[in-house]
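Here the structure is laid out as structure tokens; the discussion comes afterwards.
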Number of protein chains: 2
Amino acid sequence: MSVNLEVVREVSEFNNYYNSLSDLLNKHLAENNLSLSALRVLVKLKQDEENSTAGKLIASLGIDGGYLSRILKSFETNQLISKRKSAADGRTWFLQLTPKGRKLLEILEESSGTSIRQLLEPLAPEQQHALAGAMRTVRHILSDDSRISLDDITFRRDLQPGDAGYLMHLHGSLYAKEAGYNIEFETFICKTFFEFLETYNSSKDQVFLAMHGNQIIGSIAVLGHSRYATQMRWFLVHPDYRGIGIGQRLLNEALAAARDKLFQKIYLITTSKQEAAIRMFKKNGFRKSGGEAYAYVGIAADGREV
Amino acid sequence: MSVNLEVVREVSEFNNYYNSLSDLLNKHLAENNLSLSALRVLVKLKQDEENSTAGKLIASLGIDGGYLSRILKSFETNQLISKRKSAADGRTWFLQLTPKGRKLLEILEESSGTSIRQLLEPLAPEQQHALAGAMRTVRHILSDDSRISLDDITFRRDLQPGDAGYLMHLHGSLYAKEAGYNIEFETFICKTFFEFLETYNSSKDQVFLAMHGNQIIGSIAVLGHSRYATQMRWFLVHPDYRGIGIGQRLLNEALAAARDKLFQKIYLITTSKQEAAIRMFKKNGFRKSGGEAYAYVGIAADGREV
DNA sequence: TAATAAAGTTGCTTTTGTCAAACAGATTTT
DNA sequence: AAAATCTGTTTGACAAAAGCAACTTTATTA
């Protein structure tokens with residue numbers, strides 16, 4: 001892939017900036033007689049619980065073997081870690097934190113927390129959240145296993161001011177990028193949102209939003225059009241978040257809500273271009289009903305099929 | 001201000017993450033026989049051009065005096081900097097980069113660039129931009145002079161897919177926060193956007209967007225309702241970006257466009273709550289015209305006032 | 001003018017990290 | 001099965017990075 005020059009510059013400046021900042025954030029290490037490398041070892045030991053060995057640490061932290069050996073030795077004399085000889089390989093030792101080591105890590109986290117708090121203290125709450133979000137983004141983009149898990153995603157059922165606009169934005173920009181739609185499509189979306197907002201009633205209409213932090217990254221809605229039929233709309237998952245089950249989760253919520261409210265039929269309209277979505281609809285019992293509309297024969301409370 | 005626990009955790013994890021990353025990004029220093037501190041000194045010398053002294057460096061970089069003295073001495077023997085005795089104070093020396101020092105910095109930037117490029121190489125272009133944006137955000141929030149200047153803002157005249165939705169989002173969420181409006185207001189906004197989109201025509205309608213990176217942070221529109229009258233709408237600057245002239249700049253653009261197209265009257269509708277906006281309108285020649293509408297007597301091409 | 005302070009330097013020390021060789025157990029080769 | 005090779009870890013020697021305290025020189029102040 002090609003690399004954008006502006007991006008390189010920004011990363012470089014960020015790196016410069018952060019180099020000076022990290023002094024500040026890591027000053028608590030000196031107070032506890034630890035080097036940055038030693039901290040990283042400690043943290044890694046906590047993460048990899050039970051089956052870490054010196055070799056693995058060398059590989060994962062990129063640290064020099066000799067240096068690590070000494071760090072570990074000092075950890076051992078300070079009773080921060082304990083070694084357990086491997087049965088399979090007489091050369092290797094399994095390393096684990098002792099309660100004392102665990103305790104030290106807690107203390108370190110606590111004192112690093114105070115530095116951080118001092119850094120954040122002058123910031124307004126929104127700025128703090130924006131900062132956290134940006135840092136999460138950086139980490140997320142740069143880490144190889146950049147997959148987000150469902151655990152990072154929260155779900156919301158209420159429609160707050162700004163949400164409708166953001167949903168419209170997501171639809172407009174994503175469909176433009178992925179299906180080549182233009183602004184006319186956004187006009188259409190806008191119309192549907194207006195009609196929806198005008199008659200919005202939480203007893204008949206349900207909106208489900210998948211959130212990452214305070215950003216909407218997925219949505220679905222179940223709109224009650226009549227006593228018996230309901231339309232599903234605005235089903236979308238942001239491309240960065242696809243493939244981890246958010247779509248299915250949203251669909252489940254929507255179907256459950258439709259059943260709860262005793263709707264007997266759910267229909268939705270889509271186009272043949274939405275292959276992935278159509279596959280998911282089919283898997284969940286939707287059937288094509290002519291034209292571009294898919295109709296779902298729902299299990300209504302009275303068992304009738306429509 | 002209170003500090004959110006989640007934010008502290010995120011910053012802490014980010015710090016951990018970045019500590020391991022900075023090894024990678026700074027490996028070029030070893031190749032050039034420089035320490036991180038030495039690099040920071042060099043960079044600072046370039047920034048503070050002409051009037052840096054050892055004392056200032058100590059204060060701004062938080063580096064030890066003795067250590068700095070040695071770094072500077074080595075720079076001098078390598079002819080990377082030159083010293084100039086202060087006339088006012090016999091103890092201090094002014095430091096400046098020599099052409100050779102400047103050259104070295106360039107080389108360093110270049111080789112840091114290659115590390116960065118390697119880091120970015122596997123990323124898709126959008127991810128690269130997202131990364132740059134997030135890094136800019138972090139840096140911006142944390143740097144004391146968190147003021148953005150007009151230079152950081154770009155302006156756009158075209159309406160791209162997703163823009164209308166995002167504008168609606170901005171209006172909905174900001175007015176909710178600042179004026180306590182609820183979702184009904186967003187419904188109204190949605191209606192105006194739909195009407196607008198439906199009849200959008202770039203020859204009569206103009207939209208101006210203030211962008212920071214690829215985020216819309218301000219907007220204004222001039223909608224041609226008749227041959228002679230035009231309505232100004234969607235005037236808004238995101239609160240984080242207020243007070244640096246973005247609003248005035250948008251207003252200028254809008255008025256200029258209205259004049260260009262020979263509209264003789266610009267009107268806009270607002271509420272008394274929008275005090276700052278109203279002050280700006282008045283300053284730019286708008287006059288109240290009864291009710292909640294302000295009408296602007298424009299200088300049309302034929303000089304008539306309406 | 002003596003006392004004190006500030007800017008910068010130097011000597012000494014500790015900490016941090018690197019490199020190469022050594023060592024011991026595991027694996028492969030002959 | 002012994003020799004050779006490989007792998008995970010340790011040790012010794014060393015160099016670079018950074019901090020501390022004493023010291024020199026020039027300014028400022030009482």
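What's counted below: heavy atoms across the whole structure, side chains too, no hydrogens, waters or symmetry copies.
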Contacts of B:Glu106 that satisfy side chain to side chain donor-acceptor pair (under 3.5 Å) - sequence neighbours left out: none
Can you say whether the rings of A:Tyr18 and A:Phe14 are parallel (under 30°), tilted (30 to 60°) or perpendicular (over 60°)? parallel
For residues 75-96 of chain A, which residues have at least one heavy atom under 4.0 Å from DNA chain C? A:Ala88, A:Asp89, A:Gly90, A:Arg91
Just so I know, are the side chains of A:Leu57 and A:Leu95 near enough to count as touching, which here means a heavy-atom distance under 4.5 Å? yes
How about A:Lys73: does its NZ atom have over 12 heavy atoms from other parts shown lying under 6.0 Å from it? no
Please identify the 5'-most and 3'-most nucleotides of DNA chain D with any atom under 4.0 angstrom from a heavy atom of chain B. D:dA17 to D:dA27
Electrostatic pair A:Arg156-A:Glu253, nearest N-O below 4.0 angstrom: no
Any idea how B:Tyr166 and A:His169 line up, ring-wise: parallel (<30°), tilted (30 to 60°), or perpendicular (>60°)? perpendicular
Hits for side chain to side chain donor-acceptor pair (under 3.5 Å) against B:Glu109, two or more places apart or cross-chain, chain-then-number order -> none
Enumerate the protein-to-nucleotides 15-18 of chain C contacts in which both atoms are nitrogen or oxygen and the separation is below 3.5 Å.
| from | atom 1 | to | atom 2 | distance (Å) |
| --- | --- | --- | --- | --- |
| C:dG17 | OP1 | A:Ser37 | OG | 3.3 |
| C:dG17 | OP2 | A:Ser37 | OG | 2.9 |
| C:dG17 | OP2 | A:Tyr67 | OH | 2.1 |

Close side-chain approach of A:Leu131 and A:Gln127, heavy atoms under 4.5 Å: no
Going by an N to O cut-off under 4.0 Å, is there a salt bridge joining B:Arg9 and B:Glu6? yes
Would you say C:dA7 has OP1 or OP2 under 4.0 Å from some side-chain N or O of B:Lys56? no
Under the side chain to side chain donor-acceptor pair (under 3.5 Å) rule, what do B:Gln96 and B:Ser82 come out as? Steps first, then yes or no, please. CA-CA 6 Å; B:Gln96 60 262 313; B:Ser82 59; 3.0 Å; yes
Could you check whether atom CD of B:Gln248 has more than 12 heavy atoms from other residues, nucleotides or ligands sitting under 6.0 Å from it? yes
Terminal axes of the helix from C:dT1-D:dA30 to C:dT30-D:dA1 (5 end pairs apiece), angle rounded to 10 degrees, sit apart by 0°
Are the side chains of B:Ile153 and B:Met211 in contact, using a 4.5 Å heavy-atom criterion? no
